[in-house]
Amino acid sequence: METESKSKREVAREVAREVMPSKILSDSNLKVPVKRPLKVKSLCEVCHARKAVMRRPKNFSSLCKECFYQAFETEIHNTIVGNKLFYSGESVAIGASGGKDSTVLAYIMKILNERYNYGLNLVLLSIDEGIKGYRDDSLATVKRNQQQYEMPLEIVSYKDLYSWSMDEIVASSGIRSSCTYCGVLRRQALDRGAAKLGINHVVTGHNADDVAETVLMNLLRGDTARLENSTAIMTSSSGSPIKRSKPFKYTYQKEIVLYAHYKKLDYFSTECTYAPEAFRGTARQLLKNLEAVRPSCIIDIIHSGENFKLKEKRKRETLQYKKNCRNVQQIKEGNNKNIDNPIEVRSDGSVSIFKGEKKSANGFVDGNRCEKCGYLSSNKICKACILLQGLEHNRAKVLIDTDTSVDGAAVLTKTLEKLTF
Amino acid sequence: MSRGGLDQNFNGIKTKQLTVQKESSPILFKDLINHIVENYISNKKDLETFIEEDTIRPGILVLINDTDWELEGKEDYELENGDLITFTSTLHGG
């Protein structure tokens, strides 16, 4: 069985390497030479008039600048309309880092909004992680984008939200886990920034390469819980008013870079000064090598990801005698309503109350909130709070008796918010 | 010559002008790659961020006079004086 599938894979690779180029040559009456005499300029396959300047990775067609712009913009428009990402009059925050993806996203959103009358109210939303020499420079780019695209800009910083900047976190916990902290904190920060603006929809510049990379990573890690949802173009959790979407889900990174280059968009391009996420880097490299052999693999991986459907988890039967025991116990406590629902007594003496929340197959609980900060979380305490707790623990060793506001005003506000009856 | 963080491998040099000398055999793009590897990559550890299996690493976008090098014959492109070669990394975050 295994050898059979292996040979199939090899055959597929052979096909990609050998059959495809010749097929392309015969399919499109291209002037690409077979024997490669050099300096032959191919013409655009769409308008047959201008010089082709790029080859599209998804279908190998060679296009001129104008036709490339047209195809690029129209495809994104079709993605937006086909998936009904927006409604007229909606306020949308564009997650803007100043990098190529988000700069192109801001530009594209602006022109499509005007061209097709989406009726959107667009705002730039940036996160300041507090990384000197990286984020301060890229934020300067976002501020220029704000002028160029005439959109309001909101910047929320880690320092304000969590009372920690990334530089401080790295100084305290080392460079190794920097991406773990940053990723968890950024996710929340974007939501909070949007909530602050009263906006319920954040668009991000995640492109096809990113999505395929995530599918690959989840697959390689066996993270089936995430695998099923990793290709969703729009994600929203019940309980959280803020949804996120990726208009670039089917857009190749190469085309985004080319678009930014040809349009001379003002973007910032420097690697984050801290260590890259090691495993993601490996997955990215793998994907790039696959793409070199077979460019359509990026879209193909997304397609596969979209069709992954997890087998429904088998529910473990609770033995009847255990149920009886629990029911008896609950009746003793005078609680008849929640029979069959387990009640957990926590170490601090508080008792969990289950409101009949639907537990999905992968174990996530919808609408559950972090007990510490009130952010949506599948656990009792959200990941950000757990990470921050660890940090505070370390900071206590460093700072001596001056800091009384360890928990910060934000946490206090959120604690108060929780006190509704 | 290079953009997108790649300049870190080249001592921060962003553009560099080279002259193609007319010789009996034409100078191809792969000769340029060798030339860059031998002369401009300051730290040999960085080689793998630019080169893989004797060609430009997948994920680095190469433009010859603003045209995708895939349309120009890639490593076998014949260089001329005045050609503008751009390397852009697509590998880092967006």
Subject >> Least distance between heavy atoms, B:T67 atom then A:A52 atom >> reply: CG2-O, 3.8 Å

Original post:
Of the non-hydrogen atoms in B:L63 and A:L258, which two are nearest, and what is the gap between them?
Top reply: CD2-CD2, 3.7 Å

Subject >> With A:D137 via salt bridge (Lys or Arg N to Asp or Glu O under 4.0 Å) - residues at least two apart >> reply: none

**OP:** Working to the nearest 0.5 Å, report the span between OG1 of B:T88 and NZ of A:K100.
**Re:** 10.0 Å

Original post:
Between A:H261 and B:L61, is any pair of side-chain heavy atoms under 4.5 Å apart?
Top reply: no

Original post:
Out of A:V257, A:L105, A:I256, which one racks up the most heavy-atom pairs below 4.5 Å with chain B?
Top reply: A:V257

Subject >> Which atom of B:P58 lies closest to which atom of A:K288, heavy atoms considered >> reply: CB-O, 3.5 Å

**OP:** Work out which heavy atom in B:D68 is nearest to a heavy atom in A:R55; give both atom names and the distance.
**Re:** OD2-N, 3.2 Å

Subject >> Residue list, side chain to side chain donor-acceptor pair (under 3.5 Å) with A:T79, at least two apart or on another chain >> reply: none

